[in-house]
Protein chains: 2
Amino acid sequence: MAVQGAQVVGRVAQLLRLVGRKPGGTSLAGLVRESGLTRPTVHRLLTSLAAEGLLEHDPGTGKWVLGPEIFLLGSVAAARFPMEDIARPSLRRLAAETGESAFFSLRRGNETICVLREEGAFPVRSFVLHEGVRFPLGVASAGTAIMAFLPPEEQEALLGDWPAHAGDFAVGHPENVVRDNLERTRLAGYAVNPGLILEGSWGMGAAVFDQQGRPAWALSLTGIEPRFRPDRQEFLGKLLLEEAHRMSARLQGARPN
Amino acid sequence: MAVQGAQVVGRVAQLLRLVGRKPGGTSLAGLVRESGLTRPTVHRLLTSLAAEGLLEHDPGTGKWVLGPEIFLLGSVAAARFPMEDIARPSLRRLAAETGESAFFSLRRGNETICVLREEGAFPVRSFVLHEGVRFPLGVASAGTAIMAFLPPEEQEALLGDWPAHAGDFAVGHPENVVRDNLERTRLAGYAVNPGLILEGSWGMGAAVFDQQGRPAWALSLTGIEPRFRPDRQEFLGKLLLEEAHRMSARLQGARPN
DNA sequence: GAGACACGTCCACAAAGTGGACCAACCAGC
DNA sequence: GCTGGTTGGTCCACTTTGTGGACGTGTCTC
């Protein structure tokens, strides 16, 4: 490795992200598969992280979850990333007025990560999206909403080697379909995901811009397909854009990630 | 080291905690001093953590701060530690009714860490406490409130080797003074810190109990000495105990750390 | 009872991580 | 303007730490 002292740090970061994708916990075997590391290595790193409070091991289920130290450090870090205070009211309004679950995601490099959720009142819901879930840009409505308003050369950089960027999602998201989605998003102002990740689970999203005018975050709604018919899409899109604009205005003083 | 693969993990955790103590950032030299590690080691670990987004380096000030990935992972972990939703309303009421700044801390092993803050309206404030600050149990009003209601043998374990536990704070917190504080806290139900950390900066705290009846968290108020005179202490203590009881009741379903 | 899978541990080996030494830049004091 | 101290950054010989193939145990399914 190029930089000494970086291998373990990189592995630690990878394991924390993998555990963070599933708030319900992840098995040792699952982490071995997903990380590509060997079992003794993963086991040793996990138990070391747990000793420091960064992870926890649930002996009942055998699963590994994010630990109290991560929560504590995250609380401290939150003071530098104030968007939760700004996003929560918008999420509540979106959930209240639409009945769907509303989400706030942010961009991290070439992917989005869901940070906040506000459950809607409608009794049938999609659980494709929840805190910690990461998607490549262009996958899911939040990532499509963000990618559509990136500078054209940044979009081409991702589309140019779409399978490398989209990974396993490339199968359900052919490049031509994604280009079409991006174009329709630019025209409408909001993105629509017609069940590309999971059939029957639809979503709509709108980008939130930072003070440099870059799409750094996104608001989105998810639910079952009958709740996203064309007649209702305009209504949902309008609300999403309203809240996204409201957030963009308030985030002028905030620091993008 | 006993467990292979643990040394770097322990160092990473230590550095993250040290950086987390100062939201405004910490210099490389400061981290070298406080960690006891050599400069090449600290520098290499810091740049590796920054490459993963766990830390950030502000080139303008040269300081290291917690990065966006910590914030993201912390948001995910927050779903498993729901006390912020429960604590925030209490903090707002305490700050509104007293004018002082209100804090929510939790116990981690033998220390407390401040997680939430609600600033009061009174124009003169103490800044001894803020997010990320850690104190040994028995130091600061939050830690005194918690320690006072621990089982007697756990208290003796800490008092028995007080300098080892309290570290640098042992000078300003002699063991006999601490024992006295603990006794008065048990009688009153709330703790009073008469400027032991910093002269003129007073504090009061009350423990919040988990469903096993153990003191796992604390609410506290801080401010300048004239705001904590005996005639006003009873009023502040009553409010703290009310909010602490209210939180204890609501935290029955929550998971202690 | 056999086979598959998950989890945990050992330890020989090698790769990664370490820190003493050195250099450059900056700042404060005289 | 010079000197000394402090901070940040890097090199690389050396050593320690970290690794993973192999093995064992436990659980579950058929």
Side-chain angles (χ1 to χ4, degrees), chain A residues 1-67 69 80 168, chain B residues 1-67 69-70 168:
Chain A
M1 171 153 303
V3 178
Q4 298 284 261
Q7 189 187 27
V8 175
V9 170
R11 289 177 167 183
V12 160
Q14 182 190 22
L15 290 173
L16 289 175
R17 275 190 278 267
L18 287 174
V19 172
R21 286 175 192 240
K22 294 177 179 175
T26 312
S27 68
L28 172 65
L31 290 167
V32 168
R33 272 194 304 276
E34 292 160 36
S35 68
L37 301 170
T38 59
R39 192 172 56 259
T41 298
V42 175
H43 187 266
R44 189 179 56 254
L45 292 173
L46 292 178
T47 51
S48 301
L49 288 164
E52 300 294 338
L54 294 168
L55 288 180
E56 269 186 344
H57 183 239
D58 183 339
T61 65
K63 300 290 185 65
W64 294 84
V65 294
L66 291 175
E69 284 293 318
R80 292 184 55 244
D168 293 337
Chain B
M1 175 152 304
V3 177
Q4 299 282 262
Q7 189 189 24
V8 175
V9 169
R11 289 177 167 185
V12 160
Q14 181 190 22
L15 290 174
L16 289 175
R17 276 189 278 267
L18 288 173
V19 172
R21 285 177 194 237
K22 294 179 180 173
T26 313
S27 69
L28 172 65
L31 291 169
V32 168
R33 274 194 302 276
E34 291 160 35
S35 68
L37 302 172
T38 59
R39 192 173 54 260
T41 298
V42 174
H43 187 265
R44 188 179 58 255
L45 292 173
L46 292 179
T47 50
S48 301
L49 287 164
E52 299 294 339
L54 294 167
L55 289 179
E56 269 187 343
H57 183 239
D58 184 339
T61 65
K63 301 289 186 65
W64 296 85
V65 294
L66 292 176
E69 283 295 317
I70 288 289
D168 293 336

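Proteins come first, then strands; the chains are lettered A, B, ... in the order of their sequence lines, and each starts at number 1.
At least one side-chain heavy atom of Leu45(B) sits under 4.5 Å from a side-chain heavy atom of Val8(B). Side chains of Leu46(B) and His57(B) form no contact here, defined as non-hydrogen atoms less than 4.5 Å apart. Counting heavy atoms from C-beta on, the side chains of Leu55(A) and Val65(A) never come closer than 4.5 Å. Annotation: side chain of Val32(B) is not in contact with side chain of Thr38(B) (no heavy-atom distance under 4.5 Å). Between Arg17(B) and Glu52(A), some side-chain heavy-atom pair lies under the 4.5 Å cut-off.
For the atom pair CG of Leu37(B) and CZ of Arg11(B), the computed distance is 5.0 Å after rounding to the nearest 0.5 Å.
Lys63(B) has its NZ atom 13 Å from the C1' atom of dT7(D), to the nearest Å. Between the P atom of dG8(D) and the NE2 atom of His57(B) lies a distance of 7 Å, rounded to the nearest Å. A straight line from CG of Leu45(B) to C1' of dG17(C) spans 9 Å, rounded to a whole angstrom. Summarising the geometry, the separation between CG on Leu37(A) and P on dG20(D) is reported as 7 Å, rounded to the nearest angstrom. The distance from atom CG of Asp58(A) to atom P of dC7(C) is 13 Å, rounded to the nearest whole Å. One interatomic measurement links the two molecules: CG of Leu49(B) to P of dG17(C), which rounds to 12 Å at whole-angstrom precision. Rounding to whole angstrom units, CH2 of residue Trp64(A) and P of dA6(C) are separated by 16 Å.
In the interface, the side chain of Arg39(A) is not paired with the base of dG20(D) through any donor and acceptor atom under 3.5 Å apart.
The nucleotide whose nearest atom lies closest to any side-chain atom of Pro40(B) is, among dG17(C), dG20(C), dC7(C), dG20(C). In this structure, of dG8(D), dG19(C), dC7(C), it is dG8(D) that holds the atom nearest to the side chain of Ser27(B). Candidate nucleotides dG17(C), dG21(D), dG24(D) were compared by shortest atom distance to the side chain of Thr38(A), and dG21(D) ranks first. In this structure, of dG20(D), dC23(D), dG19(C), it is dG19(C) that holds the atom nearest to the side chain of Arg11(B).
Taking the side chain to side chain contact (heavy atoms under 4.5 Å, CB included) definition, one finds that Arg21(A) meets it with Leu18(A), Glu111(A), Arg134(A), sequence neighbours left out.
Checking the phosphate oxygens (OP1, OP2) of dG8(C), a side-chain nitrogen or oxygen of His43(A) falls inside 4.0 Å.
Shown for residues 28-36 of chain A: residues whose heavy atoms fall under 4.0 angstrom of DNA chain C, namely Leu28(A), Ala29(A), Arg33(A).
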